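The structure under discussion appears below in the form of structure tokens.
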There are 2 protein chains.
Amino acid sequence: MRASDKAYEALRTDIVEWRLRPGTVLGEVEQAERLGVSRTPLREALARLSADGLAVQLRGRGTVVSDVSFEHVDDLFALRRALEVESARIAATQGDPAIFASLRDRFLEARSSISGQAANRESYYLLAAELDQCIDEAVNNRYIEQSLRSLRVHLARVRRLAQDDPQRLATSASEHAAIAEAIAAQNPQIAVAATQLHLHHSLEHIKNHAGSERDTSK
Amino acid sequence: MRASDKAYEALRTDIVEWRLRPGTVLGEVEQAERLGVSRTPLREALARLSADGLAVQLRGRGTVVSDVSFEHVDDLFALRRALEVESARIAATQGDPAIFASLRDRFLEARSSISGQAANRESYYLLAAELDQCIDEAVNNRYIEQSLRSLRVHLARVRRLAQDDPQRLATSASEHAAIAEAIAAQNPQIAVAATQLHLHHSLEHIKNHAGSERDTSK
DNA sequence: TTCAACGCTTTTGTATACATTGAAGCGACT
DNA sequence: AGTCGCTTCAATGTATACAAAAGCGTTGAA
């Protein structure tokens with residue numbers, strides 16, 4: 001694995017998992033020493049982070065971890081609506097019904113077994129990620145996929161703003177099952193509706209269950 | 001201006017304007033000498049091009065200009081539909097009517113004066129870009145804006161696949177005027193409809209008026 | 001004659017030294 | 001006393017030298 005990839009992965013994970021909080025300055029020499037790589041690959045990593053929107057490069061003052069606040073959540077979900085609604089529509093027209101029927105069953109099963117356990121929560125997120133991936137494959141559109149990949153990084157970061165409780169996860173599982181169901185039934189209209197509903201509830205939950213990370217815009 | 005920016009701009013322009021055709025290998029030393037910069041900033045430029053999707057980095061064999069073929073146009077327009085429809089909807093709800101009314105008038109005026117002149121065509125593209133920018137400002141969403149920026153680079157590249165004739169430009173001007181009109185009237189539904197219509201006709205035109213660059217997938 | 005392995009060449013990947021720019025602090029002038 | 005400008009310093013931006021890896025050609029043997 002290249003040193004630049006290693007540095008990028010490490011920094012991206014640190015940012016998404018809030019170990020590097022918004023506003024943190026990423027000095028080149030400092031981070032290069034911390035990650036055990038030279039400045040050259042580290043600079044490449046910082047450039048990629050900037051392209052992802054996870055950091056911004058201020059001329060002269062260095063690179064800082066980009067800000068994430070509640071005002072941006074609405075913006076993020078507006079893009080998510082645009083992309084995922086269209087993706088669901090396309091997946092419903094040209095996806096493999098068997099795959100999504102199977103996913104629906106797994107979501108329904110997951111709904112019953114969800115608890116507050118961290119491991120359980122993590123496995124649910126993995127299942128949701130699998131649905132996303134299957135939709136990606138059904139859509140088979142490199143441009144949409146790229147935009148979605150960028151979006152999901154930011155979503156993962158925002159997730160920490162809200163506290164996911166078992167109640168919400170169970171509801172979310174139902175909504176995901178409904179999306180998979182509609183795609184399996186090859187019904188674009190219902191797939192769109194289910195997606196819109198899920199996004200609406202997801203956004204409402206985040207806005208109503210603000211976490212302790214509120215004080216990011218210092 | 002930084003050397004890496006200079007190299008990036010130069011390469012991006014060369015790729016978008018088809019001076020560097022798809023499949024061209026961008027050797028680091030070769031391009032560094034051609035552009036008069038060192039390898040370090042040039043590598044940064046190549047990384048940014050890869051992030052944009054304008055080039056792909058093959059390990060060992062270097063960076064090559066990414067392929068653009070007619071199969072991808074549908075994909076590109078699927079993303080464009082998702083983003084621009086949502087943008088038009090949002091702009092219609094929170095845009096400044098005066099700005100878009102003015103733009104509508106300018107499109108209607110442009111429609112009359114369009115000819116086959118290259119200068120005329122260029123000024124029309126600038127006007128269209130101005131509409132895009134005003135919509136961006138009305139939407140005021142950094143995430144959507146970033147996705148759109150990436151998309152537009154690819155669109156500019158694809159534009160060369162089709163031959164724009166005065167007829168199409170005049171129709172396009174009418175469609176753009178309709179979009180601006182709907183936003184000025186603060187009517188989201190009509191703004192969405194006008195955008196969908198424009199995108200449909202635009203895509204049809206490209207697919208029916210294939211240019212001479214067809215032989216890109218060698 | 002064909003396949004495989006070895007080595008050479010060309011390429012990218014990394015490190016470090018140097019240049020340059022921007023920012024902050026201090027001083028002098030108004 | 002406030003502001004403008006200069007100096008200094010620390011950070012990024014660039015260049016080049018070095019290392020490593022991958023391709024390709026050649027040569028050998030089966």
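This structure is a prediction, so every number in the text was calculated from the model and none was measured. Just the heavy atoms: all of them, side chains too, but no hydrogens, waters or symmetry mates, feed the values below. Here is how names work: the chains are called A, B, and so on, in the same order as the sequence lines, proteins then strands, and each is numbered from 1.
Using bins of under 30°, 30° to 60° and over 60° for the plane-to-plane angle, the ring pair B:Tyr143/A:His72 lands in the perpendicular bin.
Remark: P of C:dT21 and CZ of A:Arg61 are 18 Å apart, rounded to the nearest angstrom. Distance CG (B:Leu35) to P (D:dA15): 12 Å, rounded to an integer number of Å. Between the P atom of D:dG13 and the CZ atom of B:Arg43 lies a distance of 17 Å, rounded to the nearest Å. Atom NZ in B:Lys6 sits roughly 10 Å away from atom P in D:dT14 (whole-Å rounding). Rounded to whole Å, the distance from CG on A:Leu58 to C1' on D:dA10 is 16 Å. D:dT14 atom P lies 15 Å from atom CD of B:Glu28, rounded to whole Å. In this structure, B:Arg48 places its CZ atom 14 Å from C1' of D:dG13, rounding to the nearest Å. A straight line from CZ of A:Arg2 to P of C:dT12 spans 12 Å, rounded to a whole angstrom.
Applying the 3.5 Å distance criterion, the base of C:dT16 shares a donor-acceptor pair with the side chain of A:Thr40.
Between the side chain of B:Asp96 and the main chain of B:Ala98, a donor-acceptor pair closer than 3.5 Å is present.
Distances shown here put a side-chain N or O of A:Arg59 below 4.0 Å from the OP1 or OP2 atom of C:dG22. Using a 4.0 Å cut-off, some side-chain N or O of A:Ser4 falls inside it from OP1 or OP2 of C:dT14.
Among the atoms of the strands shown, base atoms are found under 4.0 Å from some heavy atom of A:Arg39.
The pair A:Glu145-A:Arg152 does not count as a salt bridge, with every side-chain nitrogen at least 4.0 angstrom from each carboxylate oxygen.
A cation-pi geometry, defined here as NZ or CZ lying under 6.0 Å from the six-membered ring centre and within 45° of its normal, does not hold between A:Arg2 and A:Tyr8.
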